[in-house]
Amino acid sequence: MKREEIANNLKWNLVDIFESDEAWEQEYKSVETEYANYDFDVFKGKLSSKETLLSCLHLVDTISRRIEKLYLYANLRHDEDVRVSKYTSSLAMVGAMMSKIFARLSFIEPELTTLKESVLNGFIADPDFAPYDYMLRKIAASKAHVLSEGEEKLLTLSADVMGGFQDVFSMLNNANLNLPTAKFNGEEMSISHGMYGVVLRSGKDEERKEWFEKYYGAYIKLIDSITQAYYGNVKKDVFYKTARKYDSCKEMAMKNEDVDPVVYENLIETVHAALPAMHEYIALRKEVLGISQQHMYDVHLPLVQNADIKLPFEEAYDLVVEGLAPLGKDYQALLRKGKDEGWIDVCESEGKRCGAYSAGIYDAHPFVLLNYQPTTNDVFTIAHEMGHALHSYKSVQNQPYSKAQYTIFLAEIASTVNEVLLLKHLYKKSEDKKLKKYLLNYYMDMFRSTLFRQTQFAEFEQIAHTKAENGEALTKESLNEVYYALNKQYYGDGVIHDEEIAYEWARIPHFYNAFYVYKYATGIISALSIVKRILSEGESAVEDYFRFLSAGGEQDPVSILKKAGVDLTEKTPFDVAMEEFKATLEEFKTLLD
């Protein structure tokens, strides 16, 4: 379908950012003229002055808001049709301008860290600095890890070089992998990352086996290069943790996001204790599928076929609004507002970016990209992305610009709350046993892929970094050994651990952003506790949840979560999640014939 053939009410309304491309170009030139050669030295060395610091921070906010609008507009236009070079160029222009401007503002944090503790604490206590108090608290806490201005500049300059390991992996993973062909639905076709997942979920036995072996075979051929890219990336992390005087790479990553490391420990410890239930689920899959042997390429197969909810978008959206009724009429009204006022780009079209996402912006409403198809998965995608959107919306409505952006640690919670509430609604209202089994299978696979698997990844990262920190070289053999042992530990005896799975670590892009993946697991754990409270306590829990949605980044993310009644420094939310998984497994078993 061509974009011009799509009804306007199914497209996002970008005039809410800029009225036209010409208006964007005019603003770009204005920002470039005003700030590309701005004399930021008027602030340098004078940030101990209240008036100077406030002026500096206000200016940074002004520049950031203007660049944010420029970037998002160009990005959304680009994603409407990635083939249009004009918007690719616009994105590059904004990126270059942003780098140039903010490189010249890199003196701010190092200079603030040199201020006396009494001066920083004075600013923090001053009501005029209320929009910046959390930022200043973080700077005060990081004083031991921020270097001199000259050293900070060197580390900033090193970022391009040090970031090259991710670029190398991306090139290997996309341009040099040389994936072969394999059969699917009786036709020979080229293996791709996207189709690999499709075949593992829906292909015949021999097709899944062929795709699995050939897909991993491509990585095995490049394993020496991938190992060096990953080891280089880990050594980069070790370099930065050493330069900044952290005890470990994990501590550095978690302190940078202001998360207590006990959260990581609680996650791994609780998941380990719940692995028998995971093993039971994997073994049950084999029984339900009726296969004599279950391989790693079988664990993605749905246990229930042909139970899709096939609805046109309007009806699917209404179903999502209905399913989120426990969040109250105001939340439902915001969902309708988003659909009616041009927040969402709904349909797949020629050249449009694949997948789905939500993008927040301070000076407009959120924007959501979909490629909607009438499937159950896409109904849940609506709920998921609108969860992100309303989290951004509520944060913007209740926070100053400097505190409106919530951290990645919190990013997947609202989206998962929506998915779980919708699933429970669909399960409760359905009288179709097949659909009920489908929904429970969907739910258990959410646990498997988002909680257990991401924790397995997180544990692999921790082990790999600890080895490097202790001076041990990371080789393909040692990395394979670690990953294969973890795979056996997490999946148990109900599946054959094919030798290729030892190489799975080599295909995970998130490993080049270390200690990131655990947040997917803590996200679903937090969401499950929130849902439990909302369904059992009603309005008071919803009010607490809205305080969480409205908090943006006003303080550390663990404290923000406490507003919703979730304390990840304690074991309770982790236990709630594991009990939910076990209960779902037991409920599924009662529906088996």
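Using a 3.5 Å distance cut-off with no hydrogens or angles, the side chains of Asn418 and His384 do not pair a donor with an acceptor. Counting only N and O atoms by type, the side chains of Thr376 and Asp308 include a donor and acceptor under 3.5 Å apart. Side-chain polar atoms of Ser90 and Tyr28 form no donor-acceptor pair below 3.5 angstrom. Side-chain polar atoms of Asn441 and Tyr281 form a donor-acceptor pair below 3.5 angstrom. With hydrogens and angles left out, the side-chain atoms of Glu419 and Tyr442 include a donor and acceptor closer than 3.5 Å. Side-chain atoms of Tyr240 and Ser158 include a donor-acceptor pair closer than 3.5 Å. With no hydrogens or angles considered, a side-chain donor-acceptor pair links Thr475 and Ser478 at under 3.5 Å. No side-chain donor from either of His388 and Tyr357 sits under 3.5 Å from a side-chain acceptor of the other. Under 3.5 Å, the side chains of Tyr87 and Asn75 contain no donor-acceptor pair of N or O atoms. Glu499 and Tyr484 share no donor-acceptor pair across their side chains, judged by distance under 3.5 Å alone.
Between Ile67 and Val31 the shortest side-chain heavy-atom distance falls below 4.5 Å. A heavy-atom distance below 4.5 Å is found between the side chains of Ser349 and Ile6. Using a 4.5 Å heavy-atom cutoff, the side chains of Tyr518 and Glu459 are not in contact. Considering only heavy atoms from C-beta on, Leu70 stays 4.5 Å or farther from Met93 through its side chain. With a 4.5 Å cut-off on side-chain heavy atoms, Trp505 and Asn480 count as touching. The shortest side-chain heavy-atom distance between Leu76 and Ile17 falls under the 4.5 Å cut-off. A 4.5 Å side-chain heavy-atom check between Val495 and Val299 finds at least one atom pair inside the cut-off. Contact of the Glu348 side chain with the Tyr372 side chain is not registered, since no non-hydrogen atoms from C-beta on lie closer than 4.5 Å.
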Point to revise | Pair Glu25-Lys29, salt bridge (Lys or Arg N to Asp or Glu O under 4.0 Å): steps then yes or no | key: CA-CA 6 Å; Glu25 291 166 5; Lys29 291 176 182 176; 5.6 Å; no
Review point. When you look at His193 and Asn173, which way does the side-chain contact (heavy atoms from CB on, under 4.5 Å) test go after all the steps?
Key: CA-CA 9 Å; His193 295 305; Asn173 196 39; 3.4 Å; yes
Exercise for review: Go through the steps for Val368 and Leu370 under the test side-chain contact (heavy atoms from CB on, under 4.5 Å), then give the verdict.
Suggested key: CA-CA 7 Å; Val368 171; Leu370 301 174; 4.0 Å; yes
Practice item. Kindly determine whether Arg353 and Asp81 satisfy salt bridge (Lys or Arg N to Asp or Glu O under 4.0 Å), including the steps that lead there. Key: CA-CA 7 Å; Arg353 172 179 163 159; Asp81 189 341; over 6 Å; no
Exercise for review: Under the side-chain hydrogen bond (donor to acceptor under 3.5 Å, both in side chains) rule, what do Gln454 and His510 come out as? Steps first, then yes or no, please.
Suggested key: CA-CA 10 Å; Gln454 299 300 329; His510 280 326; over 6 Å; no
Exercise for review: Show your working on side-chain contact (heavy atoms from CB on, under 4.5 Å) between Asn256 and His145 and close with a plain yes or no.
Suggested key: CA-CA 10 Å; Asn256 283 341; His145 305 289; over 6 Å; no
Exercise for review: Apply the test side-chain hydrogen bond (donor to acceptor under 3.5 Å, both in side chains) to residues Tyr406 and Ser392: give CA-CA distance (whole Å), side-chain angles for both, the deciding distance (0.1 Å), then the verdict.
Suggested key: CA-CA 8 Å; Tyr406 49 83; Ser392 297; 3.1 Å; yes
Exercise for review: Check step by step if side-chain contact (heavy atoms from CB on, under 4.5 Å) holds for Glu210 and Phe184.
Suggested key: CA-CA 10 Å; Glu210 181 185 13; Phe184 181 51; over 6 Å; no
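Comment: Asp298 engages Arg208 in a salt bridge, judged by a side-chain N to carboxylate O separation of less than 4.0 angstrom. Here Arg66 pairs with Glu27 in a salt bridge; the nearest charged N to carboxylate O distance falls below 4.0 Å. Ion pairing of Asp556 with Lys138 is absent here, as no side-chain N (NZ or NE/NH1/NH2) approaches a carboxylate O to less than 4.0 Å. Between Lys255 and Asp258, none of the side-chain N atoms (NZ, or NE/NH1/NH2) sits under 4.0 Å from a carboxylate O, so this pair counts as no salt bridge. Between Arg453 and Glu504, at least one side-chain N (NZ, or NE/NH1/NH2) sits under 4.0 Å from a carboxylate O, which counts as a salt bridge.
Legend: side chain to side chain donor-acceptor pair (under 3.5 Å) pairs involving residues 175-188, not counting sequence neighbours, sorted by first then second residue: Thr181-Glu188.
Glu269 CD to Thr455 OG1: the interatomic distance, rounded to the nearest 0.5 Å, is 13.0 Å. Taking OG of Ser192 as the reference point, atom CG of Asn174 lies at 11.0 Å (rounded to 0.5 Å). The structure places OG of Ser248 at 10.0 Å from CE of Met254, a figure rounded to the nearest 0.5 Å.
Put simply, the side chain of Thr113 never gets that close to the backbone of Ile139: no donor and acceptor are under 3.5 Å apart. In this structure, Ser170 contributes its side chain and Gln166 its backbone to no donor-acceptor pair below 3.5 Å. Panel note: side chain Asp16, backbone Ala364; no donor-acceptor pair is recorded below 3.5 Å. A donor-acceptor distance shorter than 3.5 angstrom exists from the side chain of Glu68 to the backbone of Tyr362, with no hydrogens or angles considered. Under a 3.5 Å cut-off, the side chain of Glu500 and the backbone N or O of Glu213 do not form any donor-acceptor pair. Under the 3.5 Å distance criterion, the side-chain polar atoms of Gln489 are left unmatched by any main-chain donor or acceptor of Leu486. The main-chain N or O of Phe574 is never found under 3.5 Å from a side-chain atom of Asn266 such that the two would form a donor-acceptor pair. Ser89 places no side-chain N or O within donor-acceptor distance of the main-chain N or O of Ser85, the cut-off being under 3.5 Å. Proximity of a side-chain donor or acceptor of Asp260 to a complementary backbone N or O of Val262 within less than 3.5 Å is detected. Within the 3.5 Å criterion, the main-chain N or O of Ile408 finds a donor-acceptor partner in the side chain of Glu257.
Phe212 and Tyr216 have their aromatic ring centers within a separation under 6.0 angstrom. Ring pair Tyr219/Tyr503: centre-to-centre distance not below 6.0 Å. In this structure, Phe452 has its ring center at least 6.0 angstrom away from the ring center of Tyr490. Ring centroids of Phe511 and Phe460 are separated by less than 6.0 Å, placing the two rings close together.
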For residues 225-233, run the donor-acceptor check on the side chains, cut-off 3.5 Å, and write out each pair with its distance to 0.1 Å, sequence neighbours left out.
residue	atom	partner	partner atom	Å
Thr227	OG1	Ile223	O	2.7
Asn233	OD1	Lys236	NZ	3.3

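Checking Arg77, Lys352, Lys11 one by one against Asp345, the salt bridge (Lys or Arg N to Asp or Glu O under 4.0 Å) holds for a single residue, Lys352. Considering Phe367, Trp12, Tyr393 as possible partners of Trp343, the one that fulfils the ring pair (Phe, Tyr, Trp, His ring centres under 6.0 Å) test is Tyr393.
At most 12 non-hydrogen atoms from other residues, nucleotides or ligands lie less than 6.0 angstrom from CD of Glu481. More than 12 non-hydrogen atoms from other residues, nucleotides or ligands lie less than 6.0 angstrom from CE of Met189.
Note on ring orientation: taking the six-membered ring where Trp is involved, the planes of Tyr483 and Phe457 are tilted (angle from 30° to 60°).
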